[in-house]
**Q** 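Quick one: the structure is below, and I'll ask about it shortly.
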Amino acid sequence: MIITSWNVNSVRARVENIKEYLQKFSPDVVMMQEIKTQDETFPYDDFSRLDYESHVFGQKSYNGVAIISKHKLENIRLDLIKDKLKQSRIISAELKYKKKSIQLINIYTPNGNPVDTEKYTYKKEWLDSLIKQLKSLSKKNENIILAGDFNILPSAEDAYNIKGFEDDALYRLEIRKKYREMINLGFHDAYRHIHGEKEGYTYWDYMRGAWQKNNGLRIDHFLVSNSLLNKVKNVIINKDPRGKEKPSDHTPIEIELA
DNA sequence: ATGGCAGGTTGAACCTGA
């Protein structure tokens, strides 16, 4: 079972790139962020022709999340967060897997820059609302996979130049503390669990040749319930799509469940 | 210190992203 998280930076601009990825790597489930379109204009047919069902929480122009899956998903929820700006940033679904019911939660956390503005406050409040919800959900279900674009650099080795991020919304201490708070609810950072300190960038800026120079950031994550951890066989950052024509600035991160 | 790339909306210029 392969579950992917991928900030696609517009599902419509990226549809050929995404289809190529689906055909080449056949993930079972893909949690997408920044689809940048409304439900009505989501490319359902492109994915259904490849045997994926789509569940979409769209928004015009900005944000938007979706889960596409080769397996039937149940209990789709769009209401887990109290979002004061009513942006489409979270979608959840239940996946039946080996007699377990795994709750998949797909998030697109606000970026939060610049830090002296309302955008930063919004990020903090959004994360607080997520933490509150996780607290309650993890009491009811011990099998949760929380994935997506967290817009958080968990630690110094997660950026090519951490000095440049010390007062950035991706790395401010109070933001890292919120990430830590989530983990302390009973989760593991799946990438670090498998790979230790190894570099694991998932994002490279379009500008200044960041991809060619490997000036990357690790801001896309899988947090897996402790009780599911023994099922995590591997975590792969799949750099293939980032090197193609017209790529997203993020590349897929994949988790393999045994 | 600034802008650089990319996408979306809208109709050339502006917003957002990380």
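It should be emphasised that the depicted structure is a prediction, and the values quoted were computed from it without experimental measurement. In what follows, chains are A, B, ... by sequence order, proteins preceding strands, each numbered from 1. Just the heavy atoms: all of them, side chains too, but no hydrogens, waters or symmetry mates, feed the values below.
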**Q** Identify, between A/M207 and A/K60, the residue whose nearest nucleotide on DNA chain B lies closer to the 5' end.
**A** A/M207
**Q** Take atom P in B/dG11 and the same atom in B/dA1, then report the distance between them in whole Å.
**A**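 It comes out at 35 Å once rounded to the nearest Å.
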**Q** Select one nucleotide: of B/dG17, B/dG7, B/dT9, the one nearest the side-chain heavy atoms of A/R12.
**A** B/dT9
**Q** How close or far is atom P of B/dG17 from atom CG of A/D205, stated in whole angstroms?
**A** 14 Å
**Q** The side chain of A/R14 is closest to which nucleotide in this list: B/dG17, B/dG7, B/dT9?
**A** B/dG7
**Q** Please report, rounded to the nearest Å, how far the P atom of B/dT16 is from the CZ atom of A/R89.
**A** 12 Å
**Q** Give a yes or no answer on whether the side chain of A/Y191 reaches the backbone of A/K198 with a donor-acceptor pair at less than 3.5 Å.
**A** yes
**Q** From A/L130 CG over to A/I107 CD1, what is the distance, rounded to the nearest 0.5 angstrom?
**A**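 One finds 5.5 Å between CG of A/L130 and CD1 of A/I107.
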**Q** Which of the following nucleotides, B/dA18, B/dC15, B/dA6, is nearest to the side chain of A/Y62?
**A**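 Side chain of A/Y62 sits closest to B/dC15.
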**Q** Charged N to carboxylate O under 4.0 angstrom, A/D158 versus A/R176?
**A**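 So A/D158 does not pair with A/R176 through a salt bridge.
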**Q** Find the distance A/N111:CG to B/dG7:C1' and express it as a whole number of Å.
**A**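 In whole Å, B/dG7 C1' and A/N111 CG are 16 Å from each other.
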**Q** Starting the side chain at C-beta, find the nucleotide from B/dG8, B/dC5, B/dA18 nearest to A/K36.
**A**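 That would be B/dG8.
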**Q** Starting at CG of A/L85 and ending at P of B/dT16, how long is that distance when rounded to a whole Å?
**A**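 Answer to the nearest Å: 11 Å.
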**Q** Identify whether any heavy atom of A/N215 sits under 4.0 Å from a base atom; if not, whether one sits that close to sugar-phosphate; answer base, sugar-phosphate or nothing.
**A** nothing
**Q** NA contact type, A/K123, heavy-atom cut-off 4.0 Å: base, sugar-phosphate, or nothing?
**A**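 No contact at all - A/K123 keeps every heavy atom at 4.0 Å or more from the nucleic acid.
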**Q** With nearest nucleotide decided by heavy atoms, which residue, A/S61 or A/D249, maps closer to the 5′ end of DNA chain B?
**A** A/S61
**Q** Using the ring of A/Y201 (Phe, Tyr or Trp, six-membered ring only), decide whether A/R242 places NZ or CZ under 6.0 Å from its centre and within 45 degrees of its axis.
**A** no
**Q** A/N151 near the nucleic acid: base, sugar-phosphate alone, or nothing, with a heavy-atom cut-off under 4.0 Å?
**A** sugar-phosphate
**Q** Roughly how many Å is it from CD1 in A/I18 to P in B/dG7, rounded to a whole number?
**A** 12 Å
**Q** Let me know which of A/N7, A/N106, A/N9, A/N151 forms a side-chain hydrogen bond (donor to acceptor under 3.5 Å, both in side chains) with A/Q33.
**A**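 Single pass found, and it is A/N106.
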**Q** Nearest 0.5 Å, please: how far is CG in A/L229 from NZ in A/K231?
**A**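 The CG atom of A/L229 is 10.5 Å from NZ of A/K231, to the nearest 0.5 Å.
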**Q** Could you state the atom-to-atom distance from CG of A/L170 to P of B/dT16 in whole Å?
**A**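 A/L170 atom CG is separated from B/dT16 atom P by 17 Å.
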**Q** What's A/Y203 touching, base or sugar-phosphate or nothing? Going by heavy atoms closer than 4.0 Å.
**A**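 Result for A/Y203 = sugar-phosphate.
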**Q** In whole angstrom, what separates A/I35's CD1 from B/dG8's P?
**A** 11 Å
**Q** Expressed in whole Å, how much space separates the P atoms belonging to B/dA13 and B/dT2?
**A**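 The same atom, P, in both gives a distance of 22 Å.
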**Q** OP1 or OP2 of B/dA18 less than 4.0 angstrom from a side-chain nitrogen or oxygen of A/H250, does that happen here?
**A**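 For B/dA18, OP1/OP2 do have a side-chain N/O of A/H250 under 4.0 Å.
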**Q** Looking for any heavy atom pair under 4.0 Å, which part of the strands does A/Y108 touch: base, sugar-phosphate only, or nothing?
**A**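 Result for A/Y108 = sugar-phosphate.
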**Q** Which nucleotide wins on minimum distance to the side chain of A/D149, given the candidates B/dG17, B/dG8, B/dA18?
**A** B/dA18
**Q** Would one find a side-chain N or O of A/N9 under 4.0 angstrom from OP1 or OP2 of B/dA18?
**A**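 Negative; the distance criterion is not met.
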**Q** Distance check needed: B/dA18 P versus A/N63 CG, whole Å only.
**A**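 The answer, rounded to whole Å, is 9 Å.
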